[in-house]
Student: 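There's a structure below that I have some questions on.
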Number of protein chains: 2
Amino acid sequence: MSNAKVLPLLQPQVEPCCPPLTERPLTAEEAERTAMMFKALGDPVRLRLFSAVASHEGGEACVCDISDVGVSQPTVSHHLKKLKEAGLLSSERRGTWVYYRVEPAVLAAMGQLLTKAAAA
Amino acid sequence: MSNAKVLPLLQPQVEPCCPPLTERPLTAEEAERTAMMFKALGDPVRLRLFSAVASHEGGEACVCDISDVGVSQPTVSHHLKKLKEAGLLSSERRGTWVYYRVEPAVLAAMGQLLTKAAAA
């Protein structure tokens with residue numbers, strides 16, 4: 001591409017969901033969107049499944065890779081779908097299985113929300 | 001104190017609640033503790049109240065300072081107590097009012113959990 005050299009190197013794009021929590025009170029709309037993500041991680045089984053996907057080789061996993069959380073495969077599928085609906089995982093079907101992967105930008109935005117709040 | 005000079009300058013202590021989510025799947029016990037904190041922020045009203053406290057002058061607020069979230073004072077009190085039970089706020093009674101303050105170490109630990117996961 002002809003303009004490749006003039007494009008600056010960008011940091012990975014982080015979803016500008018909300019300001020740091022110490023900056024100002026969230027609006028109702030911001031809180032609605034952000035609470036949905038926190039809520040998705042607010043269930044112990046879902047949080048374990050999320051960490052199972054996030055820590056799996058290659059940063060992705062299918063239901064077939066997860067067997068040690070002590071819940072049935074349909075339950076695993078259900079929770080992974082919930083995490084996807086909350087925007088924390090993306091998915092791709094390959095043959096029989098749906099592979100889930102963490103959404104780094106969304107996670108980074110949530111992390112910054114808290115980390116900046118803590119540092120202020 | 002006589003040994004002040006040999007003590008290294010320490011970063012603020014961050015609760016070692018869990019490893020970054022990309023490192024390994026959380027254990028059931030770790031997930032139980034951590035999910036409780038995420039769940040506390042997983043309600044829109046509670047999240048707005050939390051940001052109201054975190055962004056208030058001096059980093060603390062009492063129920064008397066919060067009037068614009070559109071819920072009654074007893075409801076505000078109820079949610080602030082829930083945030084305290086989850087370890088996200090500490091409180092101190094002064095005269096008539098209980099003042100709430102964010103717990104920076106807990107927030108930082110939650111933030112790192114997500115930020116490191118996102119960076120990996």
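Naming convention: chains lettered A, B, ... in sequence-line order (proteins, then strands); numbering from 1 in each chain.
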Student: Closest heavy-atom contact between B:Ser51 and A:Pro25?
Tutor: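 Closest approach of B:Ser51 to A:Pro25, heavy atoms only: OG-CA, 3.4 Å.
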
Student: Tell me whether B:Arg48 contacts the main-chain N or O of A:Leu26 through its side chain, where contact means a donor paired with an acceptor under 3.5 Å.
Tutor: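 Yes.
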
Student: Using a 4.5 Å heavy-atom cutoff, which residues in residues 77-87 of chain B come close to chain A?
Tutor: none

Student: About how many Å separate CZ of A:Arg33 and CG of B:Leu47, when rounded to the nearest 0.5 Å?
Tutor: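 The CG atom of B:Leu47 sits 11.5 Å away from the CZ atom of A:Arg33.
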
Student: Where does A:Glu23 contact chain B at under 4.5 Å (heavy atoms): side chain, backbone, both or neither?
Tutor: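 Contact with chain B involves the backbone of A:Glu23 alone.
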
Student: Roughly how far apart are B:Phe50 CZ and A:Thr34 OG1, rounded to 0.5 Å?
Tutor: 12.5 Å

Student: Which bit of A:Thr27 comes within less than 4.5 Å of chain B, counting heavy atoms only: side chain, backbone, both or neither?
Tutor: backbone

Student: Test: salt bridge (Lys or Arg N to Asp or Glu O under 4.0 Å). Region: residues 86-95 of chain B. Which pairs qualify, not counting sequence neighbours?
Tutor: B:Glu60-B:Arg94, B:Glu92-B:Arg94

Student: Output every pair passing salt bridge (Lys or Arg N to Asp or Glu O under 4.0 Å) with a member in residues 71-80 of chain A, not counting sequence neighbours, ordered by first then second residue.
Tutor: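 Not a single pair qualifies under salt bridge (Lys or Arg N to Asp or Glu O under 4.0 Å).
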
Student: Which members of residues 35-45 of chain A, sorted by number, sit under 4.5 angstrom from chain B on a heavy-atom basis?
Tutor: A:Ala35, A:Phe38, A:Lys39, A:Leu41, A:Gly42, A:Asp43, A:Pro44

Student: So which heavy atom on B:Ala54 is nearest to which on A:Leu21, and how close?
Tutor: CB-O, 3.5 Å

